[in-house]
Amino acid sequence: MSATEVTSSRISYESFAIKPPEHPTYDLKGIIKLALEEDAGDRGDVTCLATIPFDMEVEAYFLAKEDGIIAGIALAEMIFHEVDPSLKVEWSKNDGDFVHKGLQFGRVHGRAHNIVVAERVVLNFMQRMSGTATLTKAMANAAYPAYMLETRKTAPGLRLVDKWAVLIGGGRNHRMGLFDMVMIKDNHISAAGGVADALKAVDLYLEQNNLQMEVEVETRTLEEVEEVLHYSSQTKTSLTRIMLDNMVVPLPNGDVDISMLKEAVQLINGRYETEASSNVTLDTVHKIGQSGVTYISSGSLTHSVKALDISLKIDTELALKVGRRTGRA
């Protein structure tokens, strides 16, 4: 195992195997403090105070209870540091590595009281992130040569954490929020009076405010694609990507028809990046990826993630015995 002693007052992102995405105002340390505070309330861990001698030192082990991609190791170190900077953490795996059911992949040594206080917060983050990373890995592999993106359909307050998990799983990040990319969607188009009018308004806004950023426009029909292409052929535009929404048509047998999507990609002919959206599942993503689109986006990577089952146990021998009895180790 490679050892990491969590002793510095601030863990540099440079030391992380996979760095979190950037956000100008997001306070990751603040999110960790909030998670710990909601658990501790105004009394702290009354069960630990009652049952664990304050100065007792132990070792606890991370155990994977199912196969998957591990994520949240770097975040776990930050949490342990917040609770007790003297805790020592060791890992045999890095963020993004595969773990199999029954594998001990990490160890934390120090005061038992503080390990148990940190346990649930660490696991809540790691299990959610690992579930996202596991699904992302499967979908990104199937989507090749297209790149897999998530959306803004993330848990409130956990935007950066959810998107970090997608990176760990081998996906790419879509826009972080409303501030870092112009994304003209159906409601903007309706309010602006049409797709060309919406694009024209965006180009004017960016020019007037001396802003340079990526611009994506949503299209729902081939006619809208043609309208976008006509506008961009007549006018200098900041447009960089065209979303092809609901052009993957589900069929009664569970398959999908991508003929409309392929026609749209051919119309665009490489002039702009393309993004397929809607009706994207693990079963359909491979076929969509063969259409020629640049990106495939799916909210399911973060909005309905199934957590990966992980535990942190002091008595690992008993935990493995119980896990084998219940089929979870």
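FYI, side chains are in, hydrogens and waters are out, and symmetry mates aren't considered; it's all heavy atoms of this structure.
Enclosure of atom NE2 in H303 by more than 12 non-hydrogen atoms of other residues, nucleotides or ligands within 6.0 angstrom is indicated. Few gaps surround CD on E59; more than 12 heavy atoms of other groups in view lie less than 6.0 Å from it. No more than 12 heavy atoms of other residues, nucleotides or ligands lie within 6.0 Å of NZ in K262, so this atom counts as exposed by the packing criterion. Counting non-hydrogen atoms of other residues, nucleotides and ligands closer than 6.0 Å to CD of E22 gives a total of 12 or fewer. Heavy-atom contacts from other residues, nucleotides or ligands closer than 6.0 Å to CG of N253 number more than 12. With a 6.0 Å radius and a threshold of 12 heavy atoms from other residues, nucleotides or ligands, K19 has its NZ atom above the threshold.
Not a single donor-acceptor pair under 3.5 Å links the side chain of D245 to the backbone N or O of T219. A donor-acceptor contact shorter than 3.5 Å links the side chain of S233 to the backbone of H230. Judged by distance alone, with hydrogens and angles left aside, the side-chain atoms of K93 form no donor-acceptor pair with the main-chain N or O of I70 at under 3.5 Å. Without hydrogens or angle criteria, D180 side chain to G177 main chain gives a donor-acceptor distance under 3.5 Å. Put simply, the side chain of Q290 gets close to the backbone of Y144: a donor and an acceptor are under 3.5 Å apart. Of the possible polar contacts, one joining the R128 side chain to the T302 backbone as a donor-acceptor pair under 3.5 Å is found. Side chain of R111 to main chain of F54: a donor-acceptor pair is present (N/O by atom type, distance under 3.5 Å, no hydrogens or angles). Although no hydrogens or angles enter the test, the distance criterion places a donor-acceptor pair under 3.5 Å between the side chain of D95 and the main chain of I73. Put simply, the side chain of T237 gets close to the backbone of L239: a donor and an acceptor are under 3.5 Å apart. Judged purely by atom type and a 3.5 angstrom limit, W164 has no side-chain atom pairing as donor or acceptor with the backbone of G72.
The two atoms that bring S300 and S298 nearest to each other are OG-OG, 2.7 Å, heavy atoms only. The two residues G171 and T136 come nearest to each other via the heavy atoms N-CG2, 3.4 Å. Of all the heavy atoms in G131 and V305, the pair that sits closest is C-CG2, 3.3 Å. Taking each heavy atom of V285 and A142 in turn, the nearest pair found is CG1-CB, 3.5 Å. Among all heavy-atom pairs drawn from S278 and N246, the shortest one is CB-OD1, 3.3 Å. Closest heavy-atom contact between R172 and L167: CA-CD2, 4.2 Å.
When each of T274, L229, I242 is checked for a side-chain contact (heavy atoms from CB on, under 4.5 Å) with L267, only L229 meets the rule.
Taking the charged nitrogens against the carboxylate oxygens, K33 and D27 have no contact shorter than 4.0 Å, which rules out a salt bridge. Classification of E66 and K306 as a salt-bridged pair holds, one side-chain N sitting under 4.0 Å from a carboxylate O.
At least one side-chain heavy atom of F105 sits under 4.5 Å from a side-chain heavy atom of I310.
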Just list the side-chain donor-acceptor pairs under 3.5 Å for residues 147-157, sequence neighbours left out, or say none.
unit_1 : atom_1 : unit_2 : atom_2 : d
E150   : OE1    : K163   : NZ     : 3.1
E150   : OE1    : H174   : N      : 2.7
E150   : OE2    : N173   : ND2    : 2.5
T151   : OG1    : K153   : N      : 3.0
T154   : OG1    : R159   : NE     : 2.6

Could you check K137 against F98 for side chain to side chain contact (heavy atoms under 4.5 Å, CB included), going step by step and ending with a plain yes or no? CA-CA 10 Å; K137 186 70 170 179; F98 175 80; over 6 Å; no
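Residues passing the salt bridge (Lys or Arg N to Asp or Glu O under 4.0 Å) test with E275, sequence neighbours excluded: R241.
Annotation: the span from L308 atom CG to L123 atom CG amounts to 11.0 Å, rounded to 0.5 Å.
Grouped by direct or indirect side-chain proximity (heavy atoms under 4.5 Å, Ile/Leu/Val/Met/Phe/Trp/Tyr only), F179 sits with M176.
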